[in-house]
Amino acid sequence: MAMEQTLRIMESEAPGKRGGTGLLLLVIFWLIGTPVLAYFAVVRLMNGIDGTDSPNPKLALLLVVATAAAAIGLPLIGFFVALATRRKVAAALFAAALVALLLAARQAGLLPIEQVFSSSTSNEPEVCTGPPGASEGVPGC
């Protein structure tokens, strides 16, 4: 009897109703956590410029990596959770956020996509082509 009631309860639950709380928490952590991490990363990177305190480069790098991981990782996790729970609208919103973030990073020069897919990459050293007296600023000199 108890097994039949459990099965009815499980069957009555619609497949799209699961995971809503988890997705909401991901959005909250993403929208609040990423700017907070970015703030601390900027503060840590800027600390010591005026000579008051020596910067801690390891901590600054850790905060920058944590900010990037939160900015990209949380929407990516949300996208896969939304797909797994069959929430198409949520998956589309997370995918749109990921695309927007990647495009913004590319525009800011943080993603060197052109360098990765460039066919002009070579392992050979550049040769100086400038005249001996005016070689300043010439590649390879």
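These numbers come from the heavy atoms of this one structure, side chains and all, not from hydrogens, waters or symmetry mates.
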For a quick test of your reading: what N or O donor-acceptor pairs under 3.5 Å do the side chains of residues 66-80 make, sequence neighbours left out?
| unit_1 | atom_1 | unit_2 | atom_2 | d |
| --- | --- | --- | --- | --- |
| T67 | OG1 | L37 | O | 3.3 |
| T67 | OG1 | A38 | N | 3.4 |
| T67 | OG1 | L63 | O | 2.7 |

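- By the side-chain contact (heavy atoms from CB on, under 4.5 Å) test, V65 pairs with L61, sequence neighbours left out.
- Atom CH2 of W30 is separated from atom CG of L25 by 15.0 Å, given to the nearest 0.5 angstrom.
- At a threshold of 4.5 Å between side-chain heavy atoms, the hydrophobic network of Ile, Leu, Val, Met, Phe, Trp and Tyr places F94 and L102 in one connected group.
- At a threshold of 4.5 Å between side-chain heavy atoms, the hydrophobic network of Ile, Leu, Val, Met, Phe, Trp and Tyr places L93 and L83 in two separate groups.
- L31 is linked by a side-chain contact (heavy atoms from CB on, under 4.5 Å) to V27, counting only residues two or more places apart in sequence or in another chain.
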